[in-house]
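Since the structure is predicted, the reported quantities are computational estimates derived from the model, not experimental observations. By convention in this document, chain letters (A, B, ...) are assigned in the order of the sequence lines, proteins followed by strands, and residues within each chain are numbered from 1. Because only heavy atoms are used, hydrogens play no part in the values below, and waters and symmetry mates are left out as well, while side chains stay in.
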Amino acid sequence: MYNFTKIEKKWQKRWEENKTFSVNEDLNKKKFYALVEFPYPSGHGLHVGHVKAYTGLEVLSRKRRMEGYNVLFPIGFDAFGLPTENYAIKNKLHPRMVAENNIAMFLSQIKRIGYSFDYERLFSTTDESYYKWTQWIFLKLYEKGLAFRSKTLVNYCPSCKVVLSNEDSQNGKCDICHNQVIQKEKEVWYLRITEYAEKLLEGLNDLECSSSIKLQQENWIGKSVGAFVDFKVENDKLKVYTTRPDTLFGVTFMVIAPEHDIIEKYKDKISNIEEIYKYKDITKKKTEFERINLTKEKTGIKIEGISAINPINNKEIPIYVADYVMMGYGTGAIMAVPAHDTRDYEFAKKFNIEIIKVIESETDEIFDGDGKHINSDFINDLNNEEAINKMIDYLEKNKIGEKGIQYKIKDWAFNRQRYWGEPIPIVHCDSCGHVPVPYEDLPIKLPEVENYEPGKNGESPLASISSFVNCKCPKCGKDAKRETDTMPQWAGSSWYYLRYTDPRNDKELASKDKLNYWLPVDCYNGGMEHVTRHLIYSRFWHRFLYDNGLVPYKEPYLKRTNQGLILGPDGEKMSKSKGNVVDPMDIVEGFGADTLRLFILFLGEYGMDSVWNDESIKGISRFLDKIYNMKDKIINSEEYTKSLENKINKTIKKVTFDIEDAKYNTAISELMILSNEYSKLDNITSKDYITLIKLLNPFAPHLTEEVNEMLGYKEIAYSNWPEYDESKMIDDTYEMIIQINGKIRGKETISTNTSKEEMERIAKENVNVKKYLEDSIIQKVIVIQNKIVNIVIKYK
RNA sequence: GCUCGUAUGGCGGAAUUGGUAGACGCGAUAGACUCAAAAUCUAUUUCUUGAAAGAGAGUUUCGGUUCAAGUCCGAAUACGAGCACCA
């Protein structure tokens with residue numbers, strides 16, 4: 001085996017010393033901005049998933065540089081966050097130290113794999129010079145009313161002692177420690193992402209990505225179109241939201257969420273108020289997770305003493321309280337149509353409520369499909385869509401309702417009651433209220449302290465540091481207190497790709513010129529797990545910055561790709577508890593970085609999950625060895641070997657396009673095929689060899705630079721990508737396939753562009769085919785030039 | 001429950017977008033080299049049958065469209081992912 005360790009370290013050192021991959025803006029060159037999700041530097045070092053994520057765009061970046069692009073391929077670290085802090089607390093270390101150590105380890109591993117990142121632009125979200133601008137963006141959001149405080153029920157993780165956003169507590173579990181999340185009433189910071197729901201949805205049109213990425217984001221935003229309808233309750237209007245206003249004639253009851261304020265308002269009139277309070281109490285104790293999962297059995301209580309009037313027919317209907325209606329969506333009250341809604345149906349069955357059919361169907365059970373309306377006065381005989389439109393018209397004309405749009409996305413709970421995050425730059429003043437820190441006072445630095453363990457009662461540890469908390473109000477100058485919550489993990493990663501364009505700027509988050517030059521990100525690769533969090537958050541921030549003239553383009557990313565997971569050798573997701581985690585650095589040690597890079601891309605289709613299989617590493621290692629040993633067979637010539645010219649040109653084309661399409665596995669196999677062709681020869685011209693070496697360079701940069709240098713050529717990193725010549729790729733002959741009734745019965749080698757008539761004639765002359773034709777009648781002959789002849793016959 | 005994705009030899013996976021299924025790699029078998037092993041090289045390798053030419057079957061299952069289907073359409077099964085009482 002060739003001495004990969006020596007060769008790889010040699011080239012890594014050279015790249016570092018020469019700053020080979022550092023870029024500057026160059027208006028004469030076409031730019032290409034390739035972005036990988038920057039890592040969270042955990043204590044475990046690089047994971048094979050990181051390697052897969054980075055190697056894909058690494059290959060593309062190296063190729064694009066050779067093609068003459070000015071390539072920005074940056075890396076940084078997303079180092080604020082709970083895991084670091086928890087680890088620090090456990091081991092009695094300072095989080096900053098833990099983060100710094102982890103970053104150093106990550107960086108040395110990343111460099112050892114030979115990635116062509118621009119290390120000159122490196123930063124961490126924990127750098128004061130970076131989070132200054134994270135705070136700056138927060139102040140802008142605050143200024144525009146998009147950051148606000150609100151006292152509501154929040155998702156709270158009792159184990160991490162933090163408030164979590166909706167995105168971070170999916171399935172009722174804390175995303176960090178996986179413990180059960182509880183609901184707690186607390187005044188916290190929110191970002192008004194809901195105001196951007198429509199823009200985020202619309203922006204998806206400009207994003208090139210797989211349909212599943214798009215769909216997931218669409219579902220997360222969760223737009224629905226329907227109507228608000230006002231029901232009369234006593235002297236009040238009780239507003240409901242429905243996507244099915246066409247079923248208004250089938251409403252037989254109403255349901256409100258237990259937290260709905262109409263209960264308080266009419267508590268004197270409600271005769272069973274005690275019972276309802278009790279129900280409300282029970283609901284409160286259930287987590288949202290439980291409420292959602294108790295789908296089998298509906299619970300609820302009829303409110304005695306008040307009732308509602310259906311505005312469409314003035315029918316009096318009962319009102320129920322039930323926890324299957326949520327306060328957080330729509331108006332917290334619904335009109336129930338048991339005949340055409342599953343949940344209402346279940347509830348009506350249990351409580352024996354009348355069911356009125358308003359859409360014709362064969363079933364007597366619930367029906368939620370499209371159909372002819374009945375029992376519905378002026379919308380009878382219409383189908384759903386027509387009925388909905390006509391009903392909305394009617395509601396608006398009679399001022400009893402209006403068209404409405406709702407989104408499932410909720411405002412972003414933007415706070416953590418923890419030490420290791422960006423301080424929120426707000427001051428609380430008794431006379432002025434919430435006062436933003438003046439821009440020139442940024443950054444509000446994290447104080448260096450001894451004790452950063454979470455405080456009691458869900459307070460940030462910063463709250464107990466008086467030197468941090470006590471300050472003067474920037475507005476009136478009186479004594480005031482600093483906000484002690486910090487920003488959530490996702491803050492720093494919401495705009496890092498902007499900072500890469502101008503990472504050392506201390507006047508603005510990045511200069512206009514540089515943003516103009518580099519943006520948008522041409523290709524952003526990352527994991528599927530970030531589609532509904534990071535991707536939505538960063539698109540939101542970006543769109544906000546755009547709306548305020550701070551960035552030049554609406555959307556941050558032109559194209560998003562995602563790599564599939566690498567599963568453990570057992571086919572299961574890698575995890576420490578299962579003991580199936582593979583350390584990529586073991587492969588680097590045993591086989592070299594080049595082998596690791598090739599191997600990971602060769603596992604399978606890039607966007608799909610693939611299973612780790614040590615066995616096939618050998619194949620890659622053999623391949624690279626062969627390439628290395630081939631250097632001894634080289635004869636000096638600037639011509640392709642005549643017999644290989646066709647194959648070489650085809651390979652250049654195939655590899656060129658495969659890399660663009662992220663089909664790295666087939667690109668590698670194509671290179672193997674070509675190298676197998678070379679192996680058969682006694683001599684290889686230097687032109688043949690160098691062409692293969694250059695095509696292989698983005699995948700295996702160390703080995704290829706080494707042999708290239710041995711032959712005395714200039715560094716591949718500074719040379720050009722091979723070009724192909726279509727005219728050299730034309731085959732003189734090809735193998736024509738002859739089918740009888742669609743089954744292959746013969747093959748004939750004939751010259752390219754043989755006429756259809758001639759093809760048919762040759763086909764019929766084929767010895768094997770003749771046998772079939774003897775006892776049959778030809779019904780039809782299909783001839784596809786340069787491909788196939790299919791003779792359709794019938795036996796006599 | 002809803003939405004989306006996937007299913008191809010012993011294994012990882014290819015397939016010009018409807019036109020030779022199984023490229024490439026692993027593994028396996030046989031041979032060469034070697035005292036021997038490793039490494040390397042050479043040949044074979046979807047299954048059945050046949051000495052061979054060939055024949056039959058074959059891309060999860062069932063059905064359809066087509067001269068022609070791994071590829072398109074309909075249904076089913078399994079696995080995976082996302083959302084989940086969203087009115």
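Atom C1' of B:U60 sits at a distance of 35 Å from the matching atom of B:A53, rounded to the whole Å. Across B:U3 and B:G19, the matching C1' atoms stand 35 Å from one another, rounded to whole Å. Comparing the P positions of B:U8 and B:C79 gives a spacing of 15 Å, expressed to the nearest Å. Distance check on atom P: B:G9 versus B:A84 gives 36 Å, rounded to whole Å. The same atom, P, is picked in B:C73 and in B:G22; the two are 25 Å apart, to the nearest Å. Comparing the same atom, C1', in B:G5 and in B:A43 gives a spacing of 41 Å after rounding to whole Å. Between B:C72 and B:U59, the two P atoms lie 15 Å apart (nearest whole Å). If you take atom P in B:G80 and the same atom in B:G13, they sit 16 Å apart, rounded to whole Å.
Residues A:I355 and A:V337 form no side-chain contact, since every pair of their non-hydrogen atoms from C-beta on lies 4.5 Å or further apart. A:W490 places a side-chain heavy atom less than 4.5 Å from the side chain of A:H534.
Across all strands shown, A:V611 has no heavy atoms under 4.0 Å from either base or sugar-phosphate atoms. Heavy atoms of A:L603 sit under 4.0 angstrom from primed sugar atoms or phosphate atoms, though from no base atom. Base contact: A:Q739 has a heavy atom under 4.0 Å from a base atom. Among the heavy atoms of the strands lying under 4.0 Å from A:K747 is at least one base atom, whether or not backbone atoms are also near. A:L215 comes within 4.0 angstrom of the backbone, heavy atoms only, and of no base. Looking at heavy-atom distances under 4.0 Å, A:Y664 makes no contact with the nucleic acid at all. Contacts of A:E735 with the nucleic acid, taken as non-hydrogen atoms under 4.0 Å apart, include base atoms.
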Passes ring-ring contact (aromatic ring centres under 6.0 Å, His included), A:W412 versus A:Y190? Steps please. CA-CA 5 Å; A:W412 175 5; A:Y190 281 93; over 10 Å; no
Would A:F253 and A:F347 count as a ring-ring contact (aromatic ring centres under 6.0 Å, His included) if you check the C-alpha gap in whole Å, the side-chain angles of each, and the deciding distance to 0.1 Å? CA-CA 10 Å; A:F253 60 103; A:F347 194 83; 5.6 Å; yes
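With B:U20, B:A87, B:C24 as the candidates, the nucleotide lying closest to the side chain of A:N676 is B:C24. In the set B:U3, B:C67, B:G19, the nucleotide with an atom closest to the side chain of A:N219 is B:U3. When the nucleotides B:G80, B:A15, B:A87 are ranked by their closest atom to the side chain of A:D609, B:G80 comes out on top. Looking at the side chain of A:R622, the nearest of the listed nucleotides B:G25, B:C26, B:G19 is B:C26. With B:G13, B:C24, B:A15 as the candidates, the nucleotide lying closest to the side chain of A:S610 is B:G13. Set against B:A57, B:G25, B:G27, the side chain of A:S616 has B:G25 as its closest nucleotide. Each of B:G82, B:A23, B:G19 was ranked by its minimum atom distance to the side chain of A:I673; first place goes to B:A23. Side-chain proximity of A:N665 to the nucleotides B:G13, B:U3, B:U20 is greatest for B:G13. For A:N768, taking side-chain heavy atoms from C-beta onward, the closest of the listed nucleotides B:G19, B:G54, B:G25 is B:G54. Comparing B:C24, B:G54, B:G19 against the side chain of A:K771 picks out B:G54 as the nearest.
As rounded to whole Å, 11 Å separates atom P of B:C26 from atom CZ of A:F623. As a whole-Å value, the separation of A:I744 CD1 from B:G58 P is 14 Å. The CD-C1' distance, from A:E605 to B:G70, rounds to 14 Å in whole Å. Note: NZ (A:K653) to C1' (B:U16) measures 10 Å, nearest angstrom. One atom, CG of A:D368, and another, C1' of B:G1, lie 11 Å apart when rounded to the nearest Å.
Summarising the base pairing, B:G31 is matched to B:C41 through a Watson-Crick or G-U wobble pair whose two defining distances lie under 3.5 Å. Nucleotide B:U16 has no partner under the Watson-Crick or G-U criteria, as no pair reaches both atom distances under 3.5 Å. The base-pairing partner of B:A81, taking Watson-Crick or G-U wobble contacts with both distances under 3.5 Å, is B:U3. Using Watson-Crick or G-U wobble geometry with both donor-acceptor distances under 3.5 Å, B:A51 finds no partner in any strand shown. In this structure, B:A69 forms no base pair with any nucleotide, since neither Watson-Crick nor G-U wobble geometry is met with both distances under 3.5 Å. Nucleotide B:G25 forms a Watson-Crick or G-U wobble pair with B:C11, both donor-acceptor distances falling under 3.5 Å. In this structure, B:U46 and B:A57 make a Watson-Crick or G-U wobble pair, each of the two defining distances being under 3.5 angstrom.
A salt bridge does not link A:K650 with A:E726: every distance from a Lys NZ or Arg NE/NH1/NH2 to an Asp or Glu carboxylate oxygen is 4.0 Å or more. By the 4.0 Å N-to-carboxylate-O rule, A:D661 lies too far from A:K663 to be salt-bridged with it. Comment: A:E218 does not engage A:K214 in a salt bridge, judged by the lack of any side-chain N to carboxylate O separation of less than 4.0 angstrom.
Phosphate contact (OP1/OP2 of B:A87, side-chain N/O of A:Y329, threshold under 4.0 Å): present. An OP1 or OP2 oxygen of B:G56 is reached within less than 4.0 angstrom by a side-chain nitrogen or oxygen of A:R745.
Glycosidic conformation, B:G80: anti, with the torsion outside 90° of 0. Using a 90° window around 0 for the glycosidic torsion, B:U17 falls inside it and is classed as syn.
The distance from the CD1 atom of A:I317 to the CD1 atom of A:I319 is 7.5 Å, given to the nearest 0.5 Å.
Applying the 6.0 Å contact sphere to NZ of A:K349 captures no more than 12 heavy atoms from other residues, nucleotides or ligands.
Place A:Y606 and A:S669 on RNA chain B by their nearest nucleotides, and A:Y606 ends up nearer the 5' end. Between A:T243 and A:K618, the residue anchored nearer the 5' end of RNA chain B, judged by the nucleotide with its closest heavy atom, is A:K618.
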